[in-house]
Structures are given as C-alpha cells and as structure tokens.
Amino acid sequence: MAEVVTLGECLVAFVATEAGPLAEAGRFDRFVAGAEANVAVGLSRLGHSAAFIGRVGADGFGEAIRRRLRGEGVGIDQLATDPGAPTGLMFRERRTLGPAQVVYMRHGSAGSRLTTEDVALAVDGGIFRGARWLHISGITPALSESAKAATFGAVALARGAGLTISLDVNLRRRLWSDEAAAPVLRTLAEAADVVLGSPDELAVVAGQPSNAAEDDLAGVGRAVLALGPSIVVVKIGAAGAWLLSGDARDSAIARPAIPLPLVVDPVGAGDAFCAGFIAARLDALSLAEALERANACGAAAASTLGDQTGLPTSQELAALLATGVGSPDTIR
Ligand code: KDG
C-alpha cells in the first residue's frame with residue numbers, strides 16, 4: 001500500500017564526470033533517473049510511501065533500476081519487464097556555463113511502451129488502495145501514443161478513486177514541440193489539482209507564447225489556475241518559488257530559494273521540489289511551508305551529482321530548514 005502513486009519512464013543516465021562538451025566526454029558516472037521515479041524516491045526518503053508504474057527492458061539496466069527503486073523503498077510490483085524493448089538511456093554532458101546537452105536513447109524503449117492496460121492492471125491489483133495522491137509529469141505523454149493514453153487513463157482512474165492529482169509540466173522539447181505539447185498538457189492541467197512548472201512551461205499550458213511569463217508571470221499563473229487546478233506552483237529555480245491557490249486568487253505566496261554556494265547538477269532539482277511539496281501537503285502543512293520544503297529539497301538535489309543523490313531524508317531536510325543556508329558546513 002502506497003500513499004503516492006506515479007508512473008512514467010525510469011531511465012539509466014550516464015553523466016559526464018568532467019565539465020565540458022559531450023564530444024570530448026570520455027568518462028561517465030551512471031545514475032538512475034527519470035522525473036517521476038525521482039519524485040517517488042524523494043517521497044520515500046521523506047518518509048512517505050510511493051509506488052511506481054512502468055516498464056523496463058529485460059537487461060542489466062532494467063535490473064539496475066529495479067535494485068535502485070527497491071532499495072529506496074519504492075513499490076515496484078507494477079514495474080513490468082518488457083522482453084521486447086531495451087531500457088531507455090540518456091547521456092548528459094556537464095557545463096559550468098550555458099545549457100548542458102542531453103542525448104536520449106529512449107525511442108521505442110521499454111518505458112515508452114507503457115499502456116493503459118498496464119495502468120488498469122496496476123489499479124485492479126490494488127495500487128490505489130489506501131493511496132492519497134497520483135503524481136504525473138508531462139514527460140510520459142510525450143513518449144508515445146500508448147504512454148499518453150496510459151497517462152490519461154491513470155488520471156481518470158485516480159479521479160474516480162478520489163486521489164489528489166499533481167502534474168509537473170516538465171516540457172521536454174527534445175521529445176515534442178510546444179505546439180504538440182500544449183493541448184495535451186492543457187487537458188492534463190484541467191484534470192489536475194496541483195500544477196507545477198517553470199514560467200515558460202506554464203505559459204505553454206496556458207496557451208500563450210513560452211516567453212509570456214517574462215512580462216506577466218501573475219497573468220500566466222492565473223490563466224493556468226482558470227483551467228481548473230486549485231493550486232498552481234511556479235518553480236523559478238535560484239529565485240525560489242511562487243504559488244497561486246484557488247482560495248486566494250489574488251494573493252500569491254512566494255518563498256525564496258536556499259542560496260547554494262555551488263550548483264553541482266541542477267537536473268532533478270525540479271523533481272526534488274515536487275517531492276518536497278507533495279510530502280509537505282501529505283503532512284498537512286500550509287502552502288507556504290510546502291513551498292519552503294520544496295525549495296529546500298530542490299537545493300539539496302542541485303548540490304550533488306545525479307538526479308537522486310541529494311534527495312534529502314526527513315532528518316536532512318529538517319537540518320537544512322533549521323540552518324536555512326546552503327553552505328555544506330551548515331548541513332549537519
Ligand atoms: O527531471 C529530471 C529528468 O529530466 C531526467 O531524470 C530525465 O526524465 C527525464 C527526462 O525525460 O528528461
């Protein structure tokens with residue numbers, strides 16, 4: 001029995017050990033990644049049970065994912081092994097300046113072959129029994145038509161089961177264009193209770209140009225809120241986070257980020273943020289406290305290499321919140 005259910009593609013990520021262009025990268029560290037799996041691990045470390053629906057290939061990478069998720073206490077009874085396709089992989093360079101290049105090897109992967117039947121089987125198997133929350137991201141519907149249908153299927157079944165639904169927009173422009181993504185993400189946002197995203201992602205959900213939030217962030221937030229969710233959370237990275245809720249349409253809550261002395265690897269920080277936010281809401285904390293926890297989890301993740309490495313435990317999070325600063329010396 002898990003409090004939070006999520007679904008998507010869990011990948012193996014190879015991250016260059018040294019900063020520099022991918023063309024020159026000769027050594028890589030191997031990590032388990034994938035936005036929704038990162039959230040599940042984040043929740044588990046924060047003391048909340050999470051289960052993951054997905055597929056991996058019948059290969060060593062799939063086994064690495066199983067071992068990792070199982071070891072973190074994530075429920076993987078509904079993580080199927082697909083003998084007909086490999087586990088998805090990604091390669092990432094590291095940059096000290098400018099955006100880092102990512103190469104996916106996930107087209108036709110096992111994870112992208114998720115189906116509505118997989119979700120229905122998981123639900124018939126009782127995955128929603130005792131669950132309170134479904135978390136989805138905008139990556140899964142970008143993977144394939146069947147994964148898109150699986151995402152919508154999960155949302156419909158979760159709605160019927162009375163779960164709270166969160167959508168992390170996670171617009172991946174290497175998987176689809178803004179034009180292709182907008183109507184799909186919008187429909188998912190309409191069905192969600194909580195929508196989280198960066199300003200440009202939320203603008204796309206709102207049907208506006210991706211730079212619309214530069215001039216009118218509040219307008220973009222309100223446009224997403226008008227689609228139906230009761231909470232819209234804007235992740236602004238180093239500038240912290242901001243939210244609008246249906247209870248207080250005109251008054252936003254903003255919280256600053258924890259200043260980091262060094263951003264080691266920002267990838268996965270958004271997932272850590274989601275885990276912190278969901279965990280706080282499950283703990284019945286206020287929206288402001290949820291933002292503070294989310295920011296702290298994001299900072300902790302960005303301070304280490306790999307998506308899941310720095311996801312804090314409850315004790316680590318408490319220590320970070322108590323000191324409130326990002327110097328490694330202050331994290332006890
Ligand atoms: O949020 C981190 C993810 O972007 C990363 O783990 C890989 O899921 C991934 C994706 O599709 O980009």
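Both ligands and their constituent atoms are indexed starting at 1 by order of listing.
Screening residues 148-161 for salt bridge (Lys or Arg N to Asp or Glu O under 4.0 Å) gives E145-K148, R159-D193 as the qualifying pairs, with residues at least two apart or on separate chains. Residue pairs meeting the salt bridge (Lys or Arg N to Asp or Glu O under 4.0 Å) criterion with at least one partner in residues 38-56, sequence neighbours excluded, are R45-E72, R55-D82, R55-D118.
A side-chain contact (heavy atoms from CB on, under 4.5 Å) with V169 is found for exactly one of L185, D200, L188, namely L185. No option in V205, V232, T187 other than V205 meets the side-chain contact (heavy atoms from CB on, under 4.5 Å) test with L227.
Every residue was checked against the side chain to side chain contact (heavy atoms under 4.5 Å, CB included) condition with D77, not counting sequence neighbours, and none meets it.
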When you pair each N or O of ligand 1 with protein N or O atoms, which pairs come out under 3.5 Å?
from     : atom 1 : to   : atom 2 : distance (Å)
ligand 1 : 1 (O)  : R172 : NH2    : 3.2
ligand 1 : 1 (O)  : D271 : OD1    : 3.4
ligand 1 : 1 (O)  : D271 : OD2    : 2.7
ligand 1 : 4 (O)  : R172 : NE     : 3.4
ligand 1 : 4 (O)  : R172 : NH2    : 2.7
ligand 1 : 6 (O)  : G34  : N      : 2.8
ligand 1 : 6 (O)  : D307 : OD2    : 2.3
ligand 1 : 8 (O)  : A35  : N      : 3.0
ligand 1 : 11 (O) : Y104 : OH     : 3.4
ligand 1 : 11 (O) : R106 : NH1    : 2.6
ligand 1 : 11 (O) : R106 : NH2    : 3.4
ligand 1 : 12 (O) : Y104 : OH     : 2.6
ligand 1 : 12 (O) : R172 : NE     : 2.8

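Across every non-hydrogen atom of L89 and L11, the tightest pair is N-CD2, 4.0 Å.
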